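Just so we're clear, the structure is a prediction, and the values are computed from it rather than from any experiment. Atoms within a ligand are numbered from 1 in the order they appear, just like the ligands themselves.
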Amino acid sequence: MTTNPRLLMEEFGLHPKKSLGQNFLHDPNALEKIVATAELMPEETVVEIGPGTGALTAQLAQVARHVVAIEVDERLRPVLEAELADYANVYLVFEDALKADILQLVGTRGYVVVANLPYYITSALLRHVLEVHRRPRRVVVTVQRELAERVIAKPGDMSLLAVSVQYYGKPRIVTRLKPAAFWPRPDVESAVLSIETYDKSPLDVPDDATFFRVVRAGFSLKRKQLKNALASGLGITTAQAAAIIEAADIDPRRRAETLSMEEWGALTRQVASAGI
Ligand code: SAM
């Protein structure tokens, strides 16, 4: 058995699909680091998204109680079945992870999500795995380095993505990976991002829906003052928006990217108490 993705793909007469972001990780240190970062507890399930040729899946299967691996590319079925034949605790699912009902797949067990994803689905996938009523304890994703940096941003560089992820958990960059860690080599550097989720968000807001309505409104107009963006996004006048923002102790001329998580929380409370 070989775990070299290039040889494996050759053996099965397959070529990696660029459109599915198929850059397979083969650096043993990187694979080990990802498994260690997941810090699996004995009873937990791992949901792996995009197992590819199964290099990470096999390592996860050695330490996890159950592994549910969701791969969209049916062509990889024979590769994964052969590579993972020795692991009775791996359950392979062939479907688009964005459409998968992850809670149904994991049942009542605690779980962790591990993924090495194409750039274009990362934001959507983070939302798909975080916006559920029973969240994974941790999410470990390998993404483009630039995207990982955007997720861990601080006030001054915040974005809808950063606020959304930081609402649900604490993100940190565990390690950076050079293109040579993958086959075929991608054009950009990658990073392993770990998001430790909160049982309950530390922000005191009435509910998730109001929080996201306010944040989306705040980021709805690029490079515009918060009062204009909020007015446009919430369908209220600029004067009303300015009054709400001031009531939250925030200067209405600031821009959305400068607000801290606590300030988004304060703004949400004011919007809710104004009945908007
Ligand atoms: N985990 C493997 C590794 O580390 O070598 C493969 C990583 S490769 C960057 C991304 C994998 O995600 C590919 O196998 C690709 O087919 C799969 N993929 C892409 N889009 C997907 C989706 N929407 N749902 C599930 N898997 C997807």
Arg135 side chain vs Leu130 backbone, donor-acceptor pair below 3.5 Å: yes
Options Glu71, His128, Gln22, ranked by nearest heavy atom to atom 14 (O) of ligand 1, top entry: Glu71
Which segment of Leu31 sits under 4.0 Å of ligand 1 when only heavy atoms are counted: neither
Cluster check Met41, Val63: I/L/V/M/F/W/Y, side chain < 4.5 angstrom: no
Any N/O pair Pro118/ligand 1 closer than 3.5 Å: no
Residue pair Asn23 / Asn116: nearest heavy atoms and the distance that separates them: O-ND2, 4.2 Å
Sub-4.0 Å heavy-atom contact, Leu56 with ligand 1: no
Contact (N/O only, under 3.5 Å) between Asn23 and ligand 1: no
Proximal atoms of ligand 1 relative to Glu48 (non-hydrogen, under 4.0 Å): 1 (N)
Taking atom 27 (C) of ligand 1 as the reference point, the nearest protein heavy atom with its distance: Val72 CG1, 3.5 Å
Expected output: side-chain Arg255 to main-chain Arg223 donor-acceptor under 3.5 Å: yes
Co-membership, hydrophobic cluster, residues Val68 and Leu117, 4.5 Å side-chain: yes
Shortest protein heavy-atom distance from atom 19 (C) of ligand 1, along with the residue and atom involved: Leu20 O, 3.4 Å
Ligand 1 to Asp96 polar contact by distance, N or O atoms, under 3.5 Å: yes
Leu126 side chain near Val165 side chain, heavy-atom distance below 4.5 Å: yes
N/O separation below 3.5 Å, Ile49 to ligand 1: no
Shortest protein heavy-atom distance from atom 8 (S) of ligand 1, along with the residue and atom involved: Gly21 O, 3.4 Å
Atom 6 (C) of ligand 1: nearest protein contact (heavy atom, Å): Gly50 O, 3.3 Å
Heavy atom of Lys17, distance to ligand 1 below 4.0 Å: no
N/O donor-acceptor pair under 3.5 Å between Gln166 side chain and Ala153 backbone: yes
Nearest protein heavy atom with distance in Å, relative to atom 5 (O) of ligand 1: Leu25 N, 2.7 Å
Sub-6.0 Å ring centroid separation between Tyr168 and Phe211: no
Qualifying salt bridge (charged side-chain N to carboxylate O under 4.0 Å, His left out) pairs, either residue in residues 193-213, two or more places apart: Arg138-Glu196
Protein contact of atom 10 (C) of ligand 1 - nearest heavy atom, named by residue and atom, plus distance: Asn116 O, 3.2 Å
Test item: Gln22 side-chain N/O and Pro118 main-chain N/O as donor-acceptor pair under 3.5 Å: no
Element-labelled atoms of ligand 1 that are located less than 4.0 Å from some non-hydrogen atom of Gly52: 6 (C), 14 (O)
Shortest protein contact, atom 24 (N) of ligand 1 (heavy atom only): Ala97 N, 2.9 Å
Minimum heavy-atom distance between Ala55 and Leu25, given as atom pair plus value: CB-O, 4.0 Å
Nearest-0.5 Å distance that lies between atom CE in Met9 and atom CZ in Phe24: 4.5 Å
Within-shell test, Leu98 vs ligand 1, heavy atom, strictly < 4.0 Å: no
Atoms in ligand 1 flagged as close to Ile70, the criterion being non-hydrogen separation under 4.0 Å: 25 (C), 26 (N)
